[in-house]
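Since the structure comes first, as structure tokens, the remarks are kept for the end.
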Amino acid sequence: MKRYLVLVVAVALLIPATALATPSSNASRDCTTLKAKMGATAFGKAYATFGSCVSAMTPLERMNATSAQELCATTLGKTHNGVMFEPLYGSGRNVFGKCVSDKSQASAQVVRQTRPNPARSCISVRTQPKNAFGKCVAKAAHAQTAAEDSAARLCLTEQTLSGFVTHWGTNANRSNAFGMCVSSTAKSIEHQS
């Protein structure tokens, strides 16, 4: 039994932390970042529980992971800025996994960093009764999540078009293309509403 436990621990230590990331763990990170931006009180008004925030963010993270998988599947064995795909992500059996992890993390980071604070849009309501502020924050947070989900769906469709990565990617290896598309498209959707 002790040998089995030692073996399990040894194998767990060999697995990179990024390989353990799931859409729900990434959504949890999104909610932690959002809670820090908003403050605990405003976050509590927007989401009944931390889990409800994670539930709202998980679909976006699933689409982020799907996008990363599709982009990596289409680029495996091709060149990127004159460099073969495999050397960009190392060599061996986990080249695809490294690519997916890189693209998924880069896109999620862009969305996290550019996501506006729903409480800021409700500052003018602060002088009214507290209930009005809470309702405003909740409405703004849910509208923002809906806009990001809609944007992610549009970007998943758009990424099948030629030039998607070149158009949207802004970092060195353009791994943030999906996140840049989602962030920009979500802002456009929110402004149209």
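Keep in mind it's a predicted model, so treat the numbers as computed, not measured.
- The backbone N or O of R115 lies less than 3.5 Å from a partner atom in the side chain of K37, making a donor-acceptor pair.
- A140 approaches C122 most closely through the heavy-atom pair CB-SG, 4.5 Å.
- Taking T33 as the reference, R112 meet the side-chain contact (heavy atoms from CB on, under 4.5 Å) condition, with sequence neighbours excluded.
- Across all non-hydrogen atoms, the minimal contact from A152 to V182 is CA-CG2, 3.7 Å.
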Original post:
Does the side chain to side chain contact (heavy atoms under 4.5 Å, CB included) test come out yes or no for V110 and T170, once each step is laid out?
Top reply: CA-CA 10 Å; V110 167; T170 60; 5.8 Å; no
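- In this structure, S52 contributes its side chain and T49 its backbone to a donor-acceptor pair below 3.5 Å.
- A heavy-atom distance below 4.5 Å is not found between the side chains of Q159 and C181.
- Within the 3.5 Å criterion, the main-chain N or O of Y47 finds no donor-acceptor partner in the side chain of H142.
- The backbone N or O of K103 sits nowhere less than 3.5 Å from a side-chain atom of S175 that would complete a donor-acceptor pair.
- The CD atom of E148 sits 6.0 Å away from atom CE of M57, with the distance rounded to the nearest 0.5 Å.
- A distance of 7.5 Å separates OG1 of T145 from CG of L34, quoted to the nearest 0.5 Å.
- Closest of all the heavy-atom pairs between A141 and A46 is CB-CB, 3.7 Å.
- Under a 3.5 Å cut-off, the side chain of S150 and the backbone N or O of A147 do not form any donor-acceptor pair.
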**OP:** Check the pair E70, L156 against side chain to side chain contact (heavy atoms under 4.5 Å, CB included), reporting the backbone distance first and the verdict last.
**Re:** CA-CA 9 Å; E70 289 175 3; L156 275 174; 4.2 Å; yes
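- N26 and N64 share no donor-acceptor pair across their side chains, judged by distance under 3.5 Å alone.
- How far SG of C155 is from CE of M180: 11.0 Å, rounded to the nearest 0.5 Å.
- The structure places CG of D149 at 4.5 Å from CE of M63, a figure rounded to the nearest 0.5 Å.
- Considering all non-hydrogen atoms of both residues, K45 and F133 come closest at CD-CD2, 4.1 Å.
- Atom OG of residue S55 and atom CZ of residue F50 lie 10.5 Å apart, to the nearest 0.5 angstrom.
- Q144 contributes a side-chain N or O that, together with a main-chain N or O of P116, makes up a donor-acceptor pair within less than 3.5 Å.
- A side-chain donor-acceptor contact under 3.5 Å links T32 to the backbone of S28.
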